[in-house]
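Below is one structure, written out as structure tokens; the observations come after it.
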Amino acid sequence: MDKIQMTTPLVEMDGDEMTRIIWQQIKDTLILPYVELKTEYYDLGLPEREKTGDQVTIEAANAIDRYGVGVKCATITPNAQRVEEYKLSQMWKSPNGTIRAILDGTVFRAPIMVKGISPVVKNWKKPITIARHAYGDVYRAAEMRVEGPGTAKLVFVDGNGKTTEQTIFDFHGDGVLQGQYNLDSSILSFARSCFQYALDTKQDLWFSTKDTISKQYDHHFKDIFSEIYEDEYKEQFEKHGLTYFYTLIDDAVARVIRSEGGYIWACKNYDGDVMSDMVSTAFGSLAMMTSVLVSPDGKYEYEAAHGTVTRHYYRHLKGEQTSTNPMATLFAWTGALAKRGELDGNEALVEFAHRLEQAAIDTIESGVMTGDLAGLWEGESPAQRATTQGFLDAVASRL
């Protein structure tokens, strides 16, 4: 059989630990036999990030900006224990955060749904996609431990030296203090990415904040979304029969639980962090979640939504077989291949990616799956627990 040809490279970013092993298994078993794979390769494994002073991550992000599509393996964001384990010179930043900042992107996460594994919320019939604004707020906040009494003030000094200030609180005892910020440019990019992704996937878009309490900070997010929608996207949404809907975050949570799913839920940074874990757990497993970073100018980076599966990696190093779920990593590859094919007008590549996804879903629905899913299985026949390679081989036989 002739292999499917590619005209433009994918940006391929290798990763760490068990997911690095699975990355190669997927390529060897399910992609290289069928596709003349064309990639620009970057090793984002922790040893290479240490060796290059993390410049390799910056180079990979810039390559995505050039080529338009990247696929990334899960990577370690080191803590103090990892610094010691890997003999690092410093606690390197999250590669995902670095790439997000360079591409100015928004993260969209959605569950991979299969028959035989039901969501905990029984009325969820369609995927719920969480769009997380991945900049600022509490993640870049300045914090202070206050030993009162005293007065806390919010102070802004503009470029001309003019000072504006207001009292936050008069402390009569000990406490804590925190200051957050965000940028109009980042919020604009977040809004445009959400509206564009909704159009691309033909889904309604919900957005929620707490603007009744945060009357300037959160309300500013709401205003920017409203302006961008009215000025740039309303006509396109109406043309495709799509809806943009704003509500308070607490009302959104209640509506989400009562809904059937099938829409994008855009959230600020912290809300998206929490709600994506809630949604993924309710649908079954983080290993059954797709994750794609989308920039406002249409650059795409596909990855798994989970970590590097350290526990299984240590078992692998001992020569033991593992039953690690490769679905999220596999769907990162298929998502990137499909997008590359779509942008290049390569229908054969798009069709291959879709067939590979369906083969993987059909394999699980036939009762063959990894250990994490076996305990959730509700099918008529008992689940057949497979090793990672065994599962990939079963997918290959269907493909």
Side-chain angles (χ1 to χ4, degrees), residues 6 8-28 30-32 35 37-50 52 54-78 92-110 112 130-132 134 193 197 276 280 286-295 298-310 313 324-341 343 353 356-357:
M6 294 177 62
T8 311
L10 281 175
V11 179
E12 178 187 352
M13 293 160 282
D14 214 339
D16 288 299
E17 297 188 320
M18 197 63 216
T19 45
R20 188 183 181 96
I21 305 300
I22 293 171
W23 190 262
Q24 192 62 48
Q25 289 176 319
I26 289 171
K27 287 172 64 177
D28 291 342
L30 295 172
I31 298 175
L32 293 175
V35 178
L37 191 61
K38 194 173 186 180
T39 71
E40 187 165 301
Y41 178 86
Y42 294 88
D43 185 356
L44 300 194
L46 199 47
E48 186 67 16
R49 280 182 274 150
E50 168 69 16
T52 65
D54 208 29
Q55 283 302 304
V56 65
T57 306
I58 296 169
E59 291 170 6
N62 290 331
I64 298 171
D65 194 39
R66 288 196 307 274
Y67 291 111
V69 185
V71 57
K72 179 182 171 295
C73 184
T75 47
I76 294 170
T77 299
W92 299 109
K93 294 180 180 179
S94 159
N96 292 341
T98 299
I99 294 168
R100 281 197 298 262
I102 290 172
L103 296 179
D104 197 17
T106 296
V107 179
F108 296 87
R109 288 184 171 174
I112 303 165
I130 298 290
R132 175 187 171 189
S193 293
Y197 194 73
S276 62
S280 65
L286 262 179
M288 296 291 286
M289 290 287 287
T290 63
S291 183
V292 55
L293 176 74
V294 183
S295 72
K299 308 295 171 54
Y300 293 78
E301 183 236 22
Y302 295 81
E303 61 175 340
H306 56 69
T308 56
V309 202
T310 306
Y313 180 60
T324 318
N325 192 337
M327 284 288 282
T329 304
L330 174 56
F331 271 62
W333 271 106
T334 56
L337 289 169
K339 180 56 67 175
R340 182 75 277 159
L343 295 177
L356 179 49
E357 288 183 354

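Because only heavy atoms are used, hydrogens play no part in the values below, and waters and symmetry mates are left out as well, while side chains stay in. We number each residue from 1, following the sequence as shown.
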Q) Are any of the side-chain heavy atoms of R340 and K38 separated by less than 4.5 Å? A) no
Q) If every non-hydrogen atom of S295 is compared with every non-hydrogen atom of S193, which pair is closest and at what distance? A) C-OG, 3.5 Å
Q. What distance do R109 atom CZ and T290 atom OG1 have between them, rounded to the nearest 0.5 Å?
A. 9.5 Å
**Q.** N-O pairing of D14 and K27 below 4.0 Å
**A.** no
Q) Can you name the ring-ring contact (aromatic ring centres under 6.0 Å, His included) partners of F108, sequence neighbours left out? A) Y197
Q. Which atom names give the shortest non-hydrogen contact between G335 and E357, and what distance separates them?
A. N-OE2, 4.1 Å
Q | Check: I99 and L44 side chains under 4.5 Å, non-hydrogen atoms | A | yes
Q | Distance-minimising heavy-atom pair for A332 and Y302 | A | O-CB, 3.4 Å
Q | Close side-chain approach of P95 to K72, heavy-atom, < 4.5 Å | A | yes
Q: Of all the heavy-atom pairs spanning L286 and S280, show the shortest one and how long it is.
A: CD2-OG, 3.6 Å
Q | Minimum heavy-atom distance between A304 and A328, given as atom pair plus value | A | CB-CB, 3.8 Å
Q.
For L30 and L330: C-alpha separation, side-chain torsions, deciding distance, then whether side-chain contact (heavy atoms from CB on, under 4.5 Å) applies.
A. CA-CA 9 Å; L30 295 172; L330 174 56; 4.0 Å; yes
Q) Do E12 and W23 touch side chain to side chain, with heavy atoms closer than 4.5 Å? A) yes
Q) Would you say the side chain of H306 lies within less than 4.5 Å of the side chain of N325, judging by non-hydrogen atoms? A) no
Between side-chain atoms of residues 56-65 and protein atoms elsewhere (two or more places apart, or another chain), which donor-acceptor pairs fall under 3.5 Å?
{"from": "T57", "atom 1": "OG1", "to": "D54", "atom 2": "OD1", "distance (Å)": "2.7"}
{"from": "N62", "atom 1": "ND2", "to": "I58", "atom 2": "O", "distance (Å)": "3.3"}
{"from": "D65", "atom 1": "OD1", "to": "K299", "atom 2": "NZ", "distance (Å)": "3.0"}

Q. Is a donor on one side and an acceptor on the other found under 3.5 Å between the side chain of T308 and the backbone of A74?
A. no
Q: For side-chain contact (heavy atoms from CB on, under 4.5 Å), just list the numbers for E303 and L293, CA-CA rounded to whole Å, side-chain angles, deciding distance to a tenth of an Å, and then say yes or no.
A: CA-CA 8 Å; E303 61 175 340; L293 176 74; 5.5 Å; no
Q: Determine whether M6 and L37 make a side-chain contact, defined as any pair of heavy atoms from C-beta on separated by less than 4.5 Å.
A: yes
Q. Would you say Y41 and D43 make side-chain contact, with heavy atoms under 4.5 Å?
A. yes
Q. Looking only at heavy atoms, what is the nearest atom pair of R20 and G15, with distance?
A. NH1-O, 2.7 Å
Q: Mark yes or no for whether T106, through its side chain, and A131, through its backbone, hold a donor-acceptor pair below 3.5 Å.
A: no
Q) Is there side-chain contact between E17 and V309, with at least one heavy-atom pair below 4.5 Å? A) no
Q. Under 3.5 Å, side chain of D16 to main-chain N/O of I76, donor-acceptor pair present?
A. yes
Q. What pairs with Y313 under ring-ring contact (aromatic ring centres under 6.0 Å, His included), at least two apart in sequence or on another chain?
A. none
